[in-house]
Amino acid sequence: MEKSIFIETPPSFSFRSTVYSHGWSELAPFSLDVENWRLSYVFRDAGGGVPAVMSEAERGIRVDVSRKNFDGEKITLDLRHIFRLDDDLAGLYEAIVGHERLNWVAEKQAGRLLRSPTVFEDLVKTICTTNCSWALTKIMVSNIVEKLGAGMFPTPEQMAIVDADFYRTEVRAGYRSPYFVELAEMIAGGRLDPEGWLTTDLPTAELKKEMKNVKGVGDYAAENLLKLVGRYDGLALDSWLRSQFYKNHNNARKCKDTKIERHYKKFGLWRGLVIWCDMTEKWFVDR
DNA sequence: GCGTCCAGGTCTACC
DNA sequence: GGTAGACCTGGACGC
């Protein structure tokens, strides 16, 4: 039995631009059907997995849920969170006025970065992106979802009951394996609360420091997480972003990070989002 | 088939 | 605080 719900979206929202905002739509339990423009995700409520298929609708998002009874209030909150429907991007669009190269951002209503229902899930996924190919990231996340969450992203408690050997042999997480055990145990034991990062009053620099206390989270991972919790004043430079900057702004020649930082300084608190949009334009224009 | 390199980096020891 | 070396894995590439 399938049930549909409708989520109203703000005028500046684009379903496709949000889905294409970064690679998260390719990571389980998300899956993307590009031909029919449907994004799937397996949400979680007290009754277990809630498989949902999301698609564009007039002034909103249509969500088809393939479970008869589910916690509609919880799923709606999750949907608003992952699509960032309550984020105000007016400051971004103001910051890029007059920068011809970035006109497309407002035209395509880009800038909302798709995220997971929990910061914990985004944290684990971000660690899976470090020091490996995107293909391996997908393998690790898929193994975590299938082997620990039975199709859903596992809870910290579910991730804490297995040991590092499990992550090594079953997840293929390599040296990250003990990091996942430690992280899951800290959250399950109440010693770390990543969800609090969404609402903390800590200055960005201090929040970044707190994030880096998690094993496996360095500068890149922390700045990526900062963007996902709504703070855009870090560039989150990784090898891919650097290579794109070299191609687009430096005649394909390598340069120091300080040059990249100088280039985006003028965008102030929005610079992390501006560099991301600037480097991913091709994804939106080609599609 | 095999060896090497590298990818959406981070940690630790050492200076 | 800065830096070198180690760290897992899988795919691409050259031979």
Side-chain angles (χ1 to χ4, degrees), chain A residues 19-28 30 32 110 113-116 121-148 159 162-186 192 194 205-229 231-232 234-250 252 254-258 260-261 264 271-284:
Chain A
V19 169
Y20 268 148
S21 56
H22 61 144
W24 253 219
S25 60
E26 296 177 32
L27 296 180
F30 279 112
L32 180 61
L113 302 178
L114 185 71
R115 59 186 171 184
S116 308
E121 183 175 331
D122 281 336
L123 173 54
V124 172
K125 286 176 172 174
T126 298
I127 293 173
C128 288
T129 66
T130 58
N131 195 28
C132 66
S133 62
W134 182 243
L136 182 55
T137 297
K138 291 202 277 188
I139 289 170
M140 286 189 274
V141 173
S142 180
N143 284 335
I144 288 171
V145 168
E146 293 306 320
K147 298 181 179 183
L148 284 171
M159 284 190 68
V162 292
D163 59 14
D165 280 346
F166 180 91
Y167 287 102
R168 227 173 241 115
T169 56
E170 299 295 326
V171 175
R172 314 304 293 165
Y175 69 90
R176 304 167 193 81
S177 299
Y179 303 164
F180 288 142
V181 176
E182 185 178 315
L183 173 64
E185 285 177 347
M186 282 178 71
L192 179 68
E206 283 182 42
L207 179 55
K208 181 178 173 183
K209 205 172 165 184
E210 188 174 317
M211 289 171 167
K212 286 178 69 174
N213 284 333
V214 175
K215 286 273 181 64
V217 176
D219 281 325
Y220 150 74
E223 289 185 7
N224 187 56
L225 283 164
L226 284 170
K227 284 197 284 193
L228 293 175
V229 299
R231 305 206 193 196
Y232 305 111
L235 297 184
L237 294 175
D238 55 29
S239 56
W240 183 83
L241 213 48
R242 288 186 181 93
S243 71
Q244 295 303 308
F245 181 87
Y246 304 152
K247 276 187 222 166
N248 290 313
H249 292 295
N250 209 43
K254 283 189 178 181
C255 63
K256 289 187 175 176
D257 288 353
T258 48
I260 305 177
E261 282 156 13
Y264 291 100
R271 58 187 179 272
L273 200 46
V274 172
I275 184 177
W276 184 255
C277 290
D278 194 16
M279 296 301 105
T280 57
E281 177 187 2
K282 205 170 160 45
W283 297 359
F284 297 87

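Throughout, a chain's letter reflects where its sequence line sits, starting with A, and its residues are numbered from 1. Hydrogens, waters and symmetry mates play no part in the numbers below; they use all other heavy atoms, side chains included.
Regarding A:Leu123, its CG atom lies at a distance of 14 Å from the C1' atom of B:dT10, rounded to whole Å. Rounded to an integer number of Å, the gap from A:Glu223 CD to B:dG9 C1' is 13 Å. Rounded to a whole Å, the NZ atom of A:Lys256 is 13 Å from the C1' atom of C:dG2. In this entry the distance linking CG of A:Asn131 with P of C:dC8 reads 11 Å, nearest Å. As a whole-Å value, the separation of A:Met140 CE from B:dG8 P is 12 Å. The CZ-P distance, from A:Arg242 to B:dC6, rounds to 16 Å in whole Å. In this entry the distance linking CG of A:Asp257 with C1' of C:dG2 reads 15 Å, nearest Å. With rounding to whole Å, A:Asp219 atom CG is found 14 Å from C:dT3 atom C1'.
Base engagement by A:Leu136 is indicated by at least one non-hydrogen atom pair under 4.0 Å involving a base atom. In this structure, A:Thr130 reaches the sugar-phosphate backbone alone: every heavy-atom distance under 4.0 Å involves primed, P, OP1 or OP2 atoms, never a base. Among the atoms of the strands shown, base atoms are found under 4.0 Å from some heavy atom of A:Arg176. Contacts of A:Val171 with the nucleic acid, taken as non-hydrogen atoms under 4.0 Å apart, are absent.
Shown here, C:dC7 forms a base pair with B:dG9; the pair counts as Watson-Crick or G-U wobble because both key distances fall under 3.5 Å.
A gap of 15 Å separates the P atoms of C:dA6 and B:dT4, to the nearest Å. As rounded to the nearest Å, B:dC5 and C:dC7 have C1' atoms that lie 15 Å from one another. Separating the P atom of B:dA13 from that of C:dC8 is a span of 15 Å, rounded to the nearest Å. Nucleotides B:dC6 and C:dG5 place their P atoms 16 Å apart, quoted to the nearest Å.
With B:dG8, C:dC8, B:dT10 as the candidates, the nucleotide lying closest to the side chain of A:Arg168 is C:dC8. Relative to the side chain of A:Ser239, the nucleotides B:dC11, C:dC7, B:dG8 differ in distance, and B:dG8 lies closest. Here the nucleotide nearest the side chain of A:Ala221, chosen from B:dT10, B:dA7, B:dG9, is B:dT10. Residue A:Lys215 has its side chain nearest to B:dC11 when only B:dG8, C:dT9, B:dC11 are considered. Closest to the side chain of A:Asp238, out of B:dG8, C:dG10, B:dC11, is B:dG8. The listed nucleotides are B:dG8, B:dC11, C:dT9; the one nearest the side chain of A:Asn224 is B:dG8. Counting only heavy atoms from C-beta on, A:Tyr175 has its side chain closest to C:dC8 among C:dC8, B:dT10, C:dG11.
None of A:Phe245, A:Trp276, A:Tyr246, A:Tyr220 except one satisfies the ring pair (Phe, Tyr, Trp, His ring centres under 6.0 Å) rule with A:Trp240; the exception is A:Trp276. Among A:Leu273, A:Thr280, A:Leu113, the one residue that satisfies the side chain to side chain contact (heavy atoms under 4.5 Å, CB included) test with A:Ser21 is A:Leu113.
Annotation: side chain of A:Arg168 is in contact with side chain of A:Pro178 (closest heavy-atom distance under 4.5 Å). With a 4.5 Å cut-off on side-chain heavy atoms, A:Ile144 and A:Val124 count as touching.
The OG atom of A:Ser25 lies 6.5 Å from the CG atom of A:Leu114; values are rounded to the nearest 0.5 Å.
For A:Lys147, the NZ atom counts as densely surrounded, since its 6.0 Å shell holds more than 12 non-hydrogen atoms of other residues, nucleotides or ligands.
Distances shown here put a side-chain N or O of A:Arg172 below 4.0 Å from the OP1 or OP2 atom of C:dG10.
Nucleotides of DNA chain B nearest to A:Tyr179 and A:Trp240 differ in position, and the one nearer the 5' end is that of A:Trp240.
Aromatic stacking is marked for A:Trp134 over B:dG8, as both cut-offs hold: 5.5 Å for the centres and 30° for the planes.
Between the side chain of A:Arg242 and the main chain of A:Ile260, no donor-acceptor pair closer than 3.5 Å is present.
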